[in-house]
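Take a look at the structure set out below.
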Amino acid sequence: MENSLQAPLTPATTISPRRDRFTRRGFLEIGATALAMAGIAPALRAAGAENSDRSRSTPGPRNPALDSENTDAAFPPVTDAGGYPTFKYPFAFANKRLHDGGWSREVTVRELPVAKAMAGVNMRLTAGGVRELHWHTAGEWAIMLYGTARITGIDMDGRSFVSDVKKYDLWYFPSGMPHSIQGLGPDGAEFLLVFDDGTFSEFGTVLLSDTMRHTPSEVIAKNFNLPEASFKDLPQRELFIFQAEVPGALGPDQNAAAGTSGASRQDFAFRTMALPVAKRTKGGEVRIVDSSAFKVSTTIAMAMVTVRPGGLRELHWHPNSDEWQYFISGTGRMTVMASGSRSRTMDFQAGDVGYVEKTLGHYVENTGDTDLVFLEMFRSASYQDFSLSEWLAHTPPELVMAHLHIDRATYDAISKEKPVITPA
Ligand code: MN
Ligand code: MN
């Protein structure tokens, strides 16, 4: 050890392509200790010296907190080949747009250049906080992450839709459909919006307040057949998010909005947890919600994946869409295998966005001690995937054995149907 600063920079055990999670944890502990004892390297030297690797050390400036969350960047596995763009962006990096009544922050193709097909917004509304009446070009899919909210809209027949949503409930508003969201008691809501266009920005929405204040007042009066004076107090700036009173009971709001036209026959909300789990194994479970169950959601499909500690969302790819990911809880890592021998492995925490381009192979491994829960989002009416193991198990054995140099017993042990999450 030439330099005492190298000690905390070295993993506890030699990195191998098949590190188990306990090896990772060993490194993470050293990283955390290094954080706490920055500059007190000699005490740590013993821990790391045994298997030190000068070639992997980072003696110059570094960010120990980020390194400890991104061990596959600090110590890339030997399977990494580089040349592939970054596919992670934490919402924690995004600009938080603060309002009285809540906040919003977005991850679009501007933040994450590889994410061309979809964009996301994370939004918080206080109890009574309103995301103002608006519409936009992109279709809007959403999942509630916390609390309760009331959503409103009207369909193409002019019939109203008013519903209350709770954790993991979804909604979908097609392109151009006007809508609003309001936090309910006791503590409002937080939710994730996913748009079917990577360039779509929350700054690109058409707002009721903007629409009214940019229309000549005599035209407003003529439009509603009311005196100009009735609209003399219109807000003179956009509202976007604003604080209002917590609304009353759902029923009266629904009836008032429906009037004599009646309520919409379409359901723009979906109760995720009421749908049976699509696949459950020892390693975890998957809920799939696409337009086969959630009829109105014709441009966005979701898989909600839970991977138990030690489990793996198996190697697979999607033939019909890019995948936009959102990590809800736990920690994981993903490798994206691209064409031209490019590949990269990255680590993910709650609140991160991940991305996989259409048809590129990937897996997601739980690297922590708690359940890993994340969303796979697709710009498609339907969920589709190919499983590596299912493909190999349904290809002539001699052909597969000639490729992989495996014996017959190994071939025979490959699962004949997609496990989705291992261990199956
Ligand atoms: Mn919207
Ligand atoms: Mn996937």
Side-chain angles (χ1 to χ4, degrees), residues 87 97 102 104 106 117-123 125 130-143 149 151-154 161 165 170-182 191-197 200-208 210 238-241 268 278-279 284 286-288 290 299-305 307 312-327 332-337 348 353-365 372 374-380 382-388 390 418-421:
F87 46 86
R97 198 175 172 190
S104 67
E106 65 182 4
M118 286 159 278
V121 166
N122 177 205
M123 190 176 288
L125 296 174
V130 178
R131 171 64 176 100
E132 91 162 277
L133 286 155
H134 72 284
W135 67 97
H136 34 72
T137 56
E140 171 179 317
W141 179 98
I143 184 166
I151 54 177
T152 79
I154 65 163
F161 172 77
V165 285
L170 314 180
W171 70 77
Y172 181 86
F173 295 127
S175 172
M177 175 173 165
H179 55 278
S180 69
I181 312 153
Q182 184 171 20
F191 46 90
L192 175 76
L193 307 168
V194 180
F195 300 97
D196 56 9
D197 173 2
F200 180 77
S201 167
E202 272 289 278
F203 293 90
T205 65
V206 186
L207 308 176
L208 175 63
D210 266 349
E238 72 166 40
L239 298 172
F240 194 79
I241 290 173
F268 295 92
K279 178 90 178 183
V286 181
R287 294 171 191 274
I288 293 171
D290 64 14
T299 67
I300 296 276
M302 173 193 82
M304 179 190 277
V305 182
V307 185
L312 179 77
R313 170 75 175 95
E314 65 163 331
L315 269 158
H316 68 281
W317 60 95
H318 307 276
N320 60 337
S321 172
D322 289 7
E323 172 177 334
W324 194 97
Q325 300 170 334
Y326 178 76
F327 288 81
R333 71 166 176 168
M334 173 167 75
T335 301
V336 174
M337 284 72 77
F348 294 87
V353 173
Y355 201 81
V356 186
E357 292 177 288
K358 184 160 72 175
T359 74
L360 299 189
H362 56 285
Y363 65 85
V364 180
E365 179 185 25
L372 170 67
F374 68 99
L375 306 178
E376 302 181 1
M377 306 300 310
F378 306 94
R379 190 172 69 183
S380 173
S382 62
Y383 174 87
Q384 295 178 3
D385 71 9
F386 278 108
S387 151
L388 178 70
E390 189 174 51
K418 61 176 92 171
V420 183
I421 301 173

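Counting starts at 1 for both ligands and their atoms, following the listed order.
- Donor-acceptor pairing under 3.5 Å is lacking for the side chains of Glu323 and Trp317.
- Checked against the Mn ion (ligand 1), the N, O or S atom of His136 at the shortest distance is NE2.
- A cation-pi arrangement is absent between Arg313 and Phe374 under the rule of less than 6.0 angstrom and at most 45 degrees off the ring axis.
- The distance from the Mn ion (ligand 2) to the nearest N/O/S atom of Glu323 is under 2.8 Å.
- In this structure, Gly139 and Tyr172 approach most closely via the heavy-atom pair CA-OH, 4.1 Å.
- Among the heteroatoms counted here (N, O or S) of His318, NE2 is the one nearest to the Mn ion (ligand 2).
- Between the NE2 atom of His362 and the NE2 atom of His316, the angle taken at the Mn ion (ligand 2) works out to 80° after rounding to 10°.
- Angle subtended at the Mn ion (ligand 1) by His179 NE2 and Glu140 OE1: 90°, rounded to 10 degrees.
- The shortest heavy-atom contact between His318 and Gln384 is ND1-O, 2.9 Å.
- Annotation: cation-pi geometry satisfied between Arg131 and Phe240 (NZ/CZ under 6.0 angstrom from ring centroid, within 45° of ring axis).
- Its N, O or S atom nearest to the Mn ion (ligand 1) is what matters here, and for His134 that atom is NE2.
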